[in-house]
Amino acid sequence: METLPMDGVVVADFSRVLAGPYATMLLADLGATVIKVERPGGGDDTRSWGPPWTNHSSAYFESVNRGKRSITLDLADPEDQEAARRLIRRADVLVENFKPGSLARYGLDYDRAREINPRLVYTSISGFGSKEGAHLPGYDFVVQAVGGLMSITGDADGPPMKVGVALVDVLTGKDAALGIMAALRYRDLTGRGQHVEVNLLSSLLASLANQMSNLLTTGIAPQRMGNRHPSIAPYETLRCEDAFLAVAIGNDAQFRKLTDALGLVVLADDPRFATNAQRVANRDELVRQLENVLGARTAADWQQRLQHLGIACGQVNDMSRAVHYAESLGLRPMVDPGGGAAMQVRMPIDFSGHDSAEVTPPPLLGADTKEVLSWLDDPDQQLSPIVSRRSSS
Ligand SMILES: CC(C)(COP(=O)(O)OP(=O)(O)OC[C@H]1O[C@@H](n2cnc3c(N)ncnc32)[C@H](O)[C@@H]1OP(=O)(O)O)[C@@H](O)C(=O)NCCC(=O)NCCSC(=O)C(=O)O
């Protein structure tokens, strides 16, 4: 069997909803053995976040839980707490997203866990950190609001708007996975585990990149600009005959190519538009002139013509067309987990040394409890490979 980067790494996954499960799914995709601990009865909250539903849970749950085993433990029950501690003893990594402090009630907080296993990388995901914001529940939507993202998203004269997916959770999940990788490397160097903490608000603030830098440079908070860019023009959606085309011009040479293609070469020498700063200052007039010409053809037609000249542009696709577009470019965005489960999006990293792990469908609630508990009792026992839960259920 092929060697994967995280082969042999055991992850005790006490997380639920999105950010934590996203992080542990990445680890599973990279070959780790992920044991998802769920509450008996309903399990991960998102198993009931539908519609849409699958035969066994929800599309939401399935999007971030492939490649894992599921066990149910009632952490309020002393016997199950003991099982959780046995799992901690065997694990390399623990991931949890309880509200900070909650796990102490069950004897599963960091201090207790490191007594049991000093090599453990104990990863906590919270909404707002473990200090003054520890008691605050953290959902992506609220963090998009208080973290500034909504204030810079949407039309200039429209209401604040969220991004169309729980992107803060995804960013936080990726930060968690990165933190885990670094802590495992540190453990390789020192032999010591540690407590890795990430939170939704900090991951969002850290991802505001140039917009945050604009604030810090000028003291003025950036505002919503629709699809426009605060510092580059044209870098926005432009109206064609039938639809919008996103056009991104990053330097003057690219602008000259664009004006050539549109038969507007005079604009490239016009003092109002010759440099990026001038184009930003005279953006409304620039867009008016560009749209005058773009309006004569369809967005698809312009996409083909402009891409041919090396200009960054593309139609505004729905998600189905987005997948087809990726496939038309030779990418392999999708993977079939088998077992009758719906197709999934593949982990987006390619390695030259090995293929991506084979993907297995998300687990049924508690499907692995018996086997994992017996594995915890017997250090010589191997876990059997995950097979398709659906065909065996
Ligand atoms: C996700 C949460 C908002 C959920 O809020 P709550 O349901 O109020 O949180 P809690 O974690 O405290 O869990 C609720 C209760 O269930 C109990 N609980 C949970 N699992 C178990 C098991 N296995 N056994 C026994 N008891 C359990 C837990 O101890 C609490 O008990 P009592 O204390 O006795 O009630 C919060 O956990 C949180 O802020 N997490 C950190 C940030 C995060 O990951 N957010 C999710 C992003 S997803 C998202 O935003 C999106 O998808 O959109």
Side-chain angles (χ1 to χ4, degrees), residues 1-16 20-40 43-44 47 56-57 61-62 64-75 77 79-96 108 113 116-117 119-123 177 180-181 184 187-188 193 335-341 344 347 354-393:
M1 223 168 74
E2 198 181 26
T3 304
L4 295 168
M6 303 293 283
D7 269 349
V9 172
V10 173
V11 180
D13 182 6
F14 290 83
S15 75
R16 61 207 148 92
Y22 190 93
T24 54
M25 182 173 77
L26 290 177
L27 302 178
D29 281 343
L30 291 166
T33 298
V34 177
I35 296 166
K36 183 175 175 79
V37 179
E38 300 187 72
R39 194 177 199 162
D44 188 319
R47 285 188 184 269
H56 297 284
S57 57
F61 175 82
E62 304 240 326
V64 286
N65 284 293
R66 65 172 174 245
K68 305 177 186 180
R69 293 168 169 83
S70 166
I71 67 171
T72 50
L73 294 180
D74 176 3
L75 299 178
D77 176 284
E79 221 173 278
D80 281 6
Q81 287 171 8
E82 191 41 44
R85 283 190 282 271
R86 287 209 304 281
L87 176 59
I88 287 172
R89 201 165 291 125
R90 284 290 277 273
D92 299 280
V93 175
L94 179 150
V95 180
E96 62 90 11
L108 299 170
I116 301 168
N117 179 358
R119 287 174 56 81
L120 183 71
V121 172
Y122 187 110
T123 312
I180 289 166
M181 298 295 178
L184 286 172
R187 190 182 76 167
D188 286 346
V335 68
D336 182 359
Q344 298 218 332
M347 186 186 66
H354 55 85
D355 261 341
S356 301
E358 270 184 27
V359 163
T360 51
L364 301 177
L365 178 60
D368 304 282
T369 307
K370 211 167 142 213
E371 188 189 359
V372 169
L373 290 181
S374 130
W375 170 76
L376 289 176
D377 283 340
D378 177 2
D380 297 328
Q381 190 184 324
Q382 300 282 316
L383 284 173
S384 54
I386 303 182
V387 286
S388 161
R389 297 297 169 206
R390 289 191 172 79
S391 48
S392 62
S393 66

### Query
How would you list, by chain and number, every residue that makes a side-chain hydrogen bond (donor to acceptor under 3.5 Å, both in side chains) with S15, sequence neighbours excluded?
D13
#### Entry: Nearest-0.5 Å distance that lies between atom CG in D378 and atom CG in L373
13.0 Å
### Query
Do R47 and L365 have side-chain heavy atoms sitting under 4.5 Å apart?
yes
#### Entry: Shortest non-hydrogen separation from I386 to G67 and the atoms involved
CD1-O, 3.5 Å
### Task
Measure from NZ or CZ of R69 to the centre of the six-membered ring of W375, then state whether that distance is under 6.0 Å and the direction lies within 45° of the axis.
no
### Message
My understanding is that only residues two or more places apart in sequence, or in another chain, count here; which of them pass side-chain hydrogen bond (donor to acceptor under 3.5 Å, both in side chains) with D92?
### Response
R187
### Query
Taking only residues two or more places apart in sequence, or in another chain, which ones meet F61 in a ring-ring contact (aromatic ring centres under 6.0 Å, His included)?
none
### side-chain contact (heavy atoms from CB on, under 4.5 Å) between I180 and V95, intermediate numbers included
CA-CA 9 Å; I180 289 166; V95 180; 3.8 Å; yes
### Task
List in chain and number order the residues that pass side-chain contact (heavy atoms from CB on, under 4.5 Å) with Q344, two or more places apart in sequence or in another chain; answer none if no residue qualifies.
E62, R66, V335, P337, P362
### Task
List the atom of T3, the atom of H354, and the distance in Å for their closest heavy-atom pair.
O-CB, 3.7 Å
### Query
Taking only residues two or more places apart in sequence or in another chain, which ones pass side-chain contact (heavy atoms from CB on, under 4.5 Å) with D77?
D74, E79, D80
### Query
Where the side chain of T72 meets the backbone of R39, is there a donor-acceptor pair that is under 3.5 Å apart?
no
### Summary
M6 meets the side-chain contact (heavy atoms from CB on, under 4.5 Å) criterion, sequence neighbours left out, with V9, L27, L30, A32, M181, L184
### Message
Quick check: closest heavy atoms across A23 and A177, and the distance to 0.1 Å?
### Response
CB-N, 4.2 Å
### side-chain hydrogen bond (donor to acceptor under 3.5 Å, both in side chains) against S70, all qualifying residues, sequence neighbours excluded
E38
### Query
After noting the C-alpha distance and the side-chain angles of N65 and M25, does the key distance pass the side-chain contact (heavy atoms from CB on, under 4.5 Å) rule?
CA-CA 6 Å; N65 284 293; M25 182 173 77; over 6 Å; no
### Summary
For A113, the side-chain contact (heavy atoms from CB on, under 4.5 Å) test, sequence neighbours excluded, returns I88, L120, Y122
### Summary
Taking every heavy atom of L4 against every heavy atom of G31, the minimum-distance pair comes out as CD1-CA, 3.8 Å
### Task
Starting from the C-alpha separation in whole Å, work towards a yes-or-no answer on side-chain contact (heavy atoms from CB on, under 4.5 Å) for L383 and D368.
CA-CA 10 Å; L383 284 173; D368 304 282; over 6 Å; no
### Query
How far does CD1 of I35 sit from OG1 of T369, to the nearest 0.5 angstrom?
10.5 Å
#### Entry: Donor-acceptor pair, side chain of K68 and main chain of P21, under 3.5 angstrom
yes
### Summary
Nearest heavy-atom contact between A341 and D336 is O-OD1, 4.3 Å
### side-chain hydrogen bond (donor to acceptor under 3.5 Å, both in side chains) partners for D377, two or more places apart
R86
#### Entry: Value rounded to 0.5 Å, distance of CG in L87 from CG in L73
7.5 Å
